[in-house]
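Letters A, B, ... mirror the listed sequences (proteins, then strands); counts begin at 1.
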There are 2 protein chains.
Amino acid sequence: MHAKVIPLSVPELREACSQCNLRELCLPMGLSDGELDQLDHLVEVRRRVQRGQHLYRGGDPFEAIFAIKTGFFKTDVLLEDGRDQVTGFQMAGEILGMDGIGSEKHTCNAVALEDSEVCIIPFAELESFSREISALQHHFHKMMSREIVRDHGVMMLLGVMRAEERLAAFLLNLSQRFTARGYSPTEFNLRMTRGEIGSYLGLKLETVSRAFSRFNEEGLISVHQKHIQIRDAAGLKKLLSERRA
Amino acid sequence: MHAKVIPLSVPELREACSQCNLRELCLPMGLSDGELDQLDHLVEVRRRVQRGQHLYRGGDPFEAIFAIKTGFFKTDVLLEDGRDQVTGFQMAGEILGMDGIGSEKHTCNAVALEDSEVCIIPFAELESFSREISALQHHFHKMMSREIVRDHGVMMLLGVMRAEERLAAFLLNLSQRFTARGYSPTEFNLRMTRGEIGSYLGLKLETVSRAFSRFNEEGLISVHQKHIQIRDAAGLKKLLSERRA
DNA sequence: GGACCACGTTGACGCAGATCAAAGCCCCTG
DNA sequence: CAGGGGCTTTGATCTGCGTCAACGTGGTCC
């Protein structure tokens, strides 16, 4: 799929949460200035991950969670027989690695879909800080809980929706997340391939491609390769709420 | 589906975690005797839930999580159009309600599939105790993380597996959880209907029924209504690991 | 700038599972 | 013990998506 194992320097940089423009989306959300100063000592090391590189792999020992500073990731799980399932796409301000806490090993792979930068949050220290800063503790619990709710949404998508509904839900979700980050709600570039979208949505890449074409013909969106423009968000939403039988 | 809204007394009982025979599976796992004594003050109230009754509903304010003391639950999410997806089946020692932390509202319904009893764990107090007992804090994080990993497993199931693989995975999972609770690994009664299994597995009830019949014919299991006997666990596992194309 | 390669699109066809329909079983209630 | 309702089974048919195959496209490397 991507390059074997490129030996690569991953410079580790320092920057404080208190100056980060993602702090309203990310772990420090809702902390007071004083608490933010404390957090700066916890989350001070960053790491670059090149496009195609793994941030971690299933089975790696779990030591830290990661906050995405810039870039875009996918997470996936492999079955022994080679089949795999993309479990999510993550963008700036989102947290990676919480699946590893339970078993002290990462349980999925995290791969950068574009050159990215993550903040390293050593987990033992996060727990220790959480015991002192209850706002941090509570916010961390919320983030884990939201991950569970998000997964339920995907289960719903995979369990009950038809192909076009799944793709519509996917596009609306992306649009909403880009909006929260200050980007256009209606125009963006996909970072993932049709195959990766398909894996996430439980569809084959041909089906994803056909659904894109169909949305295009119907004037719901325009697609050119990875460039998407949403022309009729209401129409996409209607697809979701319409019972089919 | 079940009785409208039976006004029902839900006696609230008291019993300590330290005497609970589920403590090795449940929240108190790994706590020292001294820590267990503290926990007893947190988790001391129980609640009965009759078969068919909701423990909570989507939208209810979130105040506590629940540990199942006895009984069996399902959780499900509803789409506006009436379609619904069962997101999980929970048995004794498992925790319900962690999906509500993020939004301060429950995001799914929890329904008892048999007369059940749950321990009420007020969430604000759990967080407060977690700040004092790091083993409790860490264990709670593990439970949330495992919930995420479990959901990834379901996504895999829904995203890549064929009908019979899904059912085999489901049966093996149940068997393993019954075993952990000291019941027979090979013989048990299903608490849910074919329709509920289907909703969980992303299949229609007829497909579930046919798959059961097929497993029966092939000698993998024997089924009589809700009674299941696993005759060839290895055969079921083989179904899972065999690539299909 | 030509050739390669990964990715994407489109068409033809097949099949797993959905849908529709009918009947059987189990348990409850009167 | 008769009747009814919920659940399950089984059969016949339909269909959405998968599969297979061919071709298009854009980006990159020499």
(Q) Tell me every residue that passes side chain to side chain contact (heavy atoms under 4.5 Å, CB included) with Glu206(B), counting only those two or more places apart in sequence or in another chain. (A) Lys204(B), Arg210(B)

Q: Please name the residue in the list Thr75(A), Thr87(A), Val154(A), Asp76(A) that meets the side-chain contact (heavy atoms from CB on, under 4.5 Å) test with His152(B).
A: Thr87(A)

Each nucleotide N or O in nucleotides 10-12 of chain D that has a protein N or O under 3.5 Å away: list the pair and distance.
residue, atom, partner, partner atom, Å
dT10(D), OP2, Ser213(B), OG, 2.5
dG11(D), N7, Arg210(B), NH1, 2.8
dG11(D), O6, Arg210(B), NH2, 3.2
dA12(D), N6, Arg210(B), NH2, 3.3

Going by heavy atoms in the side chains, are [X] and [Y] under 4.5 Å from each other?
X: Ile148(B); Y: Thr107(A); result: no
X: Glu196(A); Y: Leu113(A); result: yes
X: Ile221(A); Y: Leu236(A); result: yes
X: Thr179(A); Y: Phe188(A); result: no

Q: Scan Gly202(B) against the nucleic acid and name what it touches under 4.0 Å (heavy atoms): base, sugar-phosphate only, or nothing.
A: sugar-phosphate

(Q) Please list all pairs meeting salt bridge (charged side-chain N to carboxylate O under 4.0 Å, His left out) that have one or both residues in residues 172-189 of chain A, counting only residues at least two apart or in different chains. (A) Glu94(A)-Arg177(A), Glu94(A)-Arg181(A)

Show me the protein contacts with nucleotides 24-26 of chain C, counting only N or O atoms at under 3.5 Å.
none

Q. What is the bend of the helix from dG1(C)-dC30(D) to dG30(C)-dC1(D) when you compare the axis at one end with the axis at the other, using five pairs each and rounding to 10°?
A. 40°

Could you give the [atom1]-to-[atom2] distance, from [X] to [N], as a whole number of Å?
X: Glu196(B); N: dG6(D); atom1: CD; atom2: P; result: 14 Å
X: Arg166(A); N: dC17(D); atom1: CZ; atom2: P; result: 7 Å
X: Met161(A); N: dA18(C); atom1: CE; atom2: C1'; result: 18 Å
X: His227(B); N: dT9(D); atom1: NE2; atom2: C1'; result: 18 Å
X: Ile228(A); N: dG8(C); atom1: CD1; atom2: C1'; result: 12 Å
X: His224(A); N: dT9(C); atom1: NE2; atom2: C1'; result: 13 Å
X: Leu113(A); N: dC7(C); atom1: CG; atom2: C1'; result: 14 Å
X: Lys226(B); N: dT9(D); atom1: NZ; atom2: C1'; result: 13 Å

Q.
Going by ring-ring contact (aromatic ring centres under 6.0 Å, His included), name the residues that satisfy it together with Tyr200(A), two or more places apart in sequence or in a different chain.
A. Phe89(A), Phe170(A)

Q) Among the nucleotides dG8(C), dA18(C), dC17(D), which one has an atom lying closest to any side-chain atom of Arg162(A)? A) dC17(D)

Q: Can you figure out which of dT9(C), dC17(D), dT19(D) approaches the side chain of Lys204(A) most closely?
A: dT19(D)

**Q.** Residue-phosphate contact under 4.0 Å: Arg194(B) side-chain N/O, dC7(D) OP1/OP2
**A.** no

Q) Is any NZ, NE, NH1 or NH2 atom of the basic residue among Glu114(B) and Arg51(B) found under 4.0 Å from an Asp or Glu carboxylate oxygen of the other? A) no

Q. Does the distance from a Lys or Arg side-chain N to an Asp or Glu carboxylate O, for Arg150(A) and Glu147(A), drop under 4.0 Å?
A. yes

Q) Relative to each other, are the rings of His106(B) and Tyr56(B) parallel, tilted or perpendicular (30° and 60° limits)? A) parallel

Q. Hey, does the side chain of Ser116(A) reach the backbone of Phe72(A) with a donor-acceptor pair shorter than 3.5 angstrom?
A. yes

